[in-house]
Amino acid sequence: MKSPAHLTTQLRRQWNDGARRARQLLEGPWPLELPIPWPSVAELEGQLDAVRDHVRAWRAVPAGQVRWQSRAYRGTGQPIDLPRAWVLSTPGDWVAAMQDGAAASGYARLNRLAALPEVRARPVWLPLLVRQRAVLNEPDVAELIRAIQLAARLSPGCAQGLPLRALPHAGVDSKFWARQRALLTLLLEAAHPGQVAPVGLEAFLGADPSGTHWLDVVDLGGGLLPWPRLRVRAEDLAAHAPPGTALLLVENHQCLHHLPPRGSAPGLVAVLGSGLDLAWLAAPWLRQRRVAYWGDIDTWGLVMLARARQALPGLTALLMNEAVWHRHRRQAVAEPVRAEPAPPGLNAIEQRLDALLRQHPAQGRLEQERLPAAWVRDALARWHAHAHARRGSGRGGYSG
């Protein structure tokens with residue numbers, strides 16, 4: 001016997017699947033009919049109280065309509081009415097049946113966004129917004145609406161050389177661009193397919209990239225650079241190769257004290273703070289380097305790893321596997337907003353890690369900074385020593 005609670009749990013799973021949520025809300029079919037099996041003869045004869053509870057539970061369902069049907073059983077004397085299907089006629093019924101405050105709030109938000117003139121004028125935007133979990137979880141609805149309105153006003157080359165933060169739009173500053181960059185990129189790519197994602201937001205809008213993203217370049221080999229640490233714009237690093245034979249790419253700026261000491265890693269330069277700004281990895285000079293990537297263990301960290309590997313297929317991932325997560329999971333915290341599934345680029349080990357993090361949302365983020373510095377420093381040094389020893393041998397790489 002399927003109880004209302006059983007089917008409610010099924011509906012919540014459907015809601016939490018972005019693709020299914022969009023398909024059901026925007027395409028249907030409606031009404032949605034969920035079958036309810038008959039109680040078996042054994043259940044009716046041996047668990048009569050449970051069958052009565054089953055019937056009472058379905059009579060108390062507040063959302064949608066329950067279709068009933070009479071059936072005679074051996075020993076009941078006369079036919080009895082039993083629930084046969086739960087019929088949800090509208091998207092509102094579907095959400096109400098979940099009895100979930102977050103789903104109800106998200107549905108109300110999506111209705112509000114769907115009514116915006118900017119969204120109504122661009123039909124491709126609504127399915128995109130419905131699929132994005134970040135849209136449902138954005139704490140500031142007014143800022144979310146402002147981002148949609150801004151995207152509607154942007155067009156190819158409209159920045160005319162100005163930095164993004166200098167564009168004359170009310171309520172939009174550099175922090176706004178940082179917070180809403182991912183959503184703006186998705187909306188503009190949907191409106192201008194193939195024109196935004198390949199080149200980046202600044203290039204599409206014709207904005208000055210100066211000051212938009214700075215990277216820390218650290219000389220771990222010793223004597224490779226005039227200073228131990230330089231701050232360089234991403235586009236300048238793409239155009240001008242630093243000396244050395246190997247590159248360690250680190251997601252966050254705050255991990256300098258985790259790196260091996262200067263002079264201990266011959267030929268190695270580290271670049272910290274790329275985050276999602278990975279377009280510079282297409283620089284031709286990188287194809288001649290051994291490259292490793294170390295990032296947060298969370299869904300966004302794996303998205304960045306996948307994008308980096310798309311640019312550099314031979315890239316090695318370090319300290320981003322199940323063993324590291326299990327060893328340090330007490331330091332893990334919940335990931336506030338999970339990324340959509342990572343693009344192609346993850347190997348089987350990393351795909352399993354992505355699935356593991358999604359199965360444990362309360363411990364879905366293990367930040368780089370939370371790992372013991374000495375332990376990380378030793379692991380990074382071992383990767384470099386191993387790769388350095390095998391340089392030119394053609395043998396397999398380090399697993400990290």
Side-chain angles (χ1 to χ4, degrees), residues 1-40 43 50-71 79-142 144-145 148 183 186-187 190 337-338 340-341 358 361:
M1 292 181 290
K2 286 187 178 180
S3 68
H6 176 92
L7 292 182
T8 292
T9 299
Q10 176 181 319
L11 295 176
R12 290 173 181 168
R13 285 199 299 266
Q14 293 174 358
W15 174 265
N16 289 326
D17 181 328
R20 177 62 187 269
R21 180 170 63 245
R23 187 165 61 249
Q24 193 62 49
L25 287 177
L26 302 177
E27 302 173 16
W30 299 107
L32 178 64
E33 190 168 306
L34 305 176
I36 307 170
W38 296 111
S40 67
E43 286 171 328
V51 174
R52 290 194 182 109
D53 290 341
H54 174 71
V55 170
R56 278 196 292 268
W58 279 109
R59 291 197 184 280
V61 165
Q65 294 181 324
V66 179
R67 190 166 66 240
W68 298 81
Q69 190 173 340
S70 295
R71 183 179 184 183
I80 56 176
D81 289 338
L82 292 166
R84 288 295 288 137
W86 194 5
V87 182
L88 307 173
S89 299
T90 65
D93 284 348
W94 184 54
V95 174
M98 298 174 196
Q99 300 181 42
D100 182 271
S105 175
Y107 178 62
R109 172 177 294 192
L110 290 174
N111 277 324
R112 183 177 176 185
L113 299 181
L116 293 174
E118 294 82 4
V119 176
R120 293 172 64 88
R122 298 163 182 81
V124 294
W125 279 7
L126 184 57
L128 185 150
L129 292 168
V130 173
R131 286 195 300 268
Q132 300 304 309
R133 181 179 292 272
V135 167
L136 300 181
N137 295 335
E138 167 61 59
D140 189 342
V141 181
L144 180 61
I145 292 173
I148 293 170
L183 178 60
L186 287 171
L187 293 173
V337 179
R338 286 189 296 183
E340 293 296 312
R358 295 176 190 277

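- Annotation for Arg112: atom CZ does not count as buried by contact number, only 12 or fewer foreign heavy atoms lying within 6.0 Å.
- Contact record, Asp93 with Ala63: O-CB, 4.2 Å, taken as the closest heavy-atom pair.
- Side-chain contact between Trp15 and Leu25 is present, with heavy atoms from C-beta onward closer than 4.5 Å.
- A heavy-atom distance below 4.5 Å is not found between the side chains of Val130 and Tyr107.
- In this structure a side-chain-to-backbone donor-acceptor pair under 3.5 Å is missing from Arg67 to Trp86.
- By the 4.5 Å heavy-atom criterion applied to side chains, Leu34 and Leu11 are counted as neighbours.
- For the atom pair Trp58 CH2 and Ser3 OG, the distance stands at 7.5 Å (nearest 0.5 Å).
- Put simply, the side chain of Arg20 never gets that close to the backbone of Asn16: no donor and acceptor are under 3.5 Å apart.
- Annotation: the span from Glu43 atom CD to His54 atom NE2 amounts to 8.5 Å, rounded to 0.5 Å.
- Residue Leu88 comes nearest to Ala97 through the heavy atom pair CD2-CB, 3.9 Å, listed as atom of the first residue, atom of the second, then distance.
- A pairwise comparison of heavy atoms in Arg120 and Ala114 identifies CG-O, 3.2 Å as the closest pair.
- Annotation for Gln65: atom CD does not count as buried by contact number, only 12 or fewer foreign heavy atoms lying within 6.0 Å.
- With a 4.5 Å cut-off on side-chain heavy atoms, Pro35 and Lys2 do not count as touching.
- Sorted by first and then second residue, the salt bridge (charged side-chain N to carboxylate O under 4.0 Å, His left out) pairs involving residues 51-66 (not counting sequence neighbours) are Asp49-Arg52, Asp53-Arg56.
- Paired with Arg109 under the rule side chain to side chain contact (heavy atoms under 4.5 Å, CB included), one option of Leu144, Leu129, Asn137 passes, and it is Leu144.
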Problem set entry | Verdict with supporting geometry, Leu136 and Arg21, side-chain contact (heavy atoms from CB on, under 4.5 Å) | CA-CA 12 Å; Leu136 300 181; Arg21 180 170 63 245; 3.7 Å; yes
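- To the nearest 0.5 Å, atoms CH2 (Trp125) and CG (Leu183) are separated by 9.0 Å.
- Minimum heavy-atom separation, Val124 to Ala190: CG2-O, 3.7 Å.
- Of all heavy-atom pairs between Val87 and Pro31, the closest is CG1-CB, 3.8 Å.
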Problem set entry | side chain to side chain donor-acceptor pair (under 3.5 Å) between Gln24 and Trp30, intermediate numbers included | CA-CA 9 Å; Gln24 193 62 49; Trp30 299 107; over 6 Å; no
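- The shortest distance between side-chain heavy atoms of Leu128 and Arg131 falls below 4.5 Å.
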Exercise. Given Trp68 and Ile36, is the side-chain contact (heavy atoms from CB on, under 4.5 Å) satisfied, shown in steps?
Worked result: CA-CA 10 Å; Trp68 298 81; Ile36 307 170; over 6 Å; no
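- Without hydrogens or angle criteria, Ser105 side chain to Gly101 main chain gives no donor-acceptor distance under 3.5 Å.
- In terms of modelled atom types and a separation under 3.5 Å, the side chain of Glu138 and the main chain of Asp140 share a donor-acceptor contact.
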Exercise. Given Asp81 and Gln69, is the side-chain contact (heavy atoms from CB on, under 4.5 Å) satisfied, shown in steps?
Worked result: CA-CA 5 Å; Asp81 289 338; Gln69 190 173 340; over 6 Å; no
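- Counting all heavy atoms, side chain and backbone alike, Met98 lies closest to Ala103 at SD-CB, 3.8 Å.
- A heavy-atom distance below 4.5 Å is found between the side chains of Leu82 and Ile80.
- Leu26 places a side-chain heavy atom less than 4.5 Å from the side chain of Leu126.
- To the nearest 0.5 Å, atoms CZ (Arg133) and CG (Asp17) are separated by 9.0 Å.
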Problem set entry | Steps toward side-chain contact (heavy atoms from CB on, under 4.5 Å) verdict (Arg12, Gln99) | CA-CA 9 Å; Arg12 290 173 181 168; Gln99 300 181 42; 4.0 Å; yes
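- Between Leu116 and Leu113, the closest side-chain pair of non-hydrogen atoms falls below 4.5 Å.
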